[in-house]
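Before any comments, here is the structure.
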Amino acid sequence: GKNDDDGAREVMVLLKSFRLPKNHIKVCGVNTSACVFETVVSLRHKLKSSKIELLVNACNDESKSGHHSALEAFKTYHNVSLNAGKRKAA
């Protein structure tokens with residue numbers, strides 16, 4: 001199981017175990033400014049040529065400011081894209 005904010009090791013194990021492609025990874029999570037941020041940064045270092053897509057509407061944080069600060073930081077990373085998606089009308 002995951003013991004710290006960085007979940008990249010677990011992602012890498014699953015990619016290998018299920019023989020999933022590593023060229024495009026979609027990421028979401030509970031704490032954008034902690035777990036999600038650390039996982040994306042670590043994946044970025046491990047998979048330099050892969051595209052990492054952050055599913056913004058599938059992320060949250062303890063505070064709005066933490067969430068938005070993390071999203072702004074992601075904009076500076078090469079091959080990390082933010083996908084806010086389109087919300088469907090109820």
Side-chain angles (χ1 to χ4, degrees):
K2 189 165 128 347
N3 295 321
D4 60 21
D5 287 344
D6 183 359
R9 185 184 71 77
E10 290 78 7
V11 171
M12 297 298 290
V13 167
L14 290 171
L15 290 171
K16 184 176 182 179
S17 296
F18 290 99
R19 298 182 184 159
L20 297 170
K22 298 176 185 173
N23 61 323
H24 185 173
I25 299 171
K26 295 181 181 185
V27 178
C28 64
V30 177
N31 285 326
T32 314
S33 64
C35 299
V36 175
F37 187 82
E38 294 298 328
T39 300
V40 169
V41 169
S42 188
L43 286 172
R44 176 75 274 122
H45 291 293
K46 294 176 187 301
L47 303 170
K48 292 180 180 15
S49 62
S50 298
K51 176 183 177 185
I52 299 175
E53 182 178 357
L54 182 65
L55 304 176
V56 175
N57 290 335
C59 295
N60 202 358
D61 202 275
E62 294 177 11
S63 70
K64 284 186 178 184
S65 64
H67 178 73
H68 291 294
S69 294
L71 296 179
E72 286 302 312
F74 284 132
K75 291 177 181 178
T76 67
Y77 280 82
H78 178 68
N79 281 349
V80 174
S81 64
L82 304 180
N83 180 347
K86 294 182 181 178
R87 294 180 182 252
K88 294 182 179 180

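Heavy atoms only: backbone and side chains are in, while hydrogens, waters and symmetry mates are out.
The minimum heavy-atom distance between S49 and R44, with the atom names listed, is N-NH2, 3.8 Å. Contact record, D5 with A34: OD2-CB, 3.7 Å, taken as the closest heavy-atom pair. Nearest heavy-atom pair, G66 versus S33, reported as atom, atom and distance to 0.1 Å: O-CB, 3.5 Å.
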* Take S42 and D6 through the test side-chain hydrogen bond (donor to acceptor under 3.5 Å, both in side chains) and record every step on the way to the result. => CA-CA 7 Å; S42 188; D6 183 359; 3.0 Å; yes

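Listed by first and then second residue, the salt bridge (Lys or Arg N to Asp or Glu O under 4.0 Å) pairs involving residues 50-78 are E72-K75 (not counting sequence neighbours). The side chain to side chain donor-acceptor pair (under 3.5 Å) pairs that include a residue from residues 9-21 number zero, where partners must be two or more places apart or lie in different chains. Residue pairs meeting the ring pair (Phe, Tyr, Trp, His ring centres under 6.0 Å) criterion with at least one member in residues 25-51, sequence neighbours excluded, are F37-F74. The stretch residues 22-31 participates, sequence neighbours left out, in no salt bridge (Lys or Arg N to Asp or Glu O under 4.0 Å) pair at all.
Hydrophobic clustering (side-chain heavy atoms under 4.5 Å, transitive across Ile, Leu, Val, Met, Phe, Trp, Tyr) keeps L14 apart from L55. Hydrophobic clustering, with ILVMFWY side chains joined whenever heavy atoms are under 4.5 angstrom apart, groups F18 together with V11. Follow the hydrophobic side-chain contacts under 4.5 Å out from L82 and you reach L47 in the same cluster.
In this structure, CG on N57 lies 8.0 Å from CG on N83, to the nearest 0.5 angstrom.
Put simply, the side chain of C59 reaches to within 4.5 Å of the side chain of L54, judged on heavy atoms. When side chains are defined from C-beta on, L71 counts as touching V56, because their heavy atoms get closer than 4.5 Å. In this structure the side chain of I52 never reaches within 4.5 angstrom of the side chain of Y77, judged on heavy atoms.
For N60, there are no side chain to side chain contact (heavy atoms under 4.5 Å, CB included) partners, not counting sequence neighbours. Listed by chain and number, the residues in a side-chain hydrogen bond (donor to acceptor under 3.5 Å, both in side chains) with T39 amount to none (sequence neighbours excluded).
Looking at L15, V80, V27 one by one, the single match for side-chain contact (heavy atoms from CB on, under 4.5 Å) with L43 turns out to be V27.
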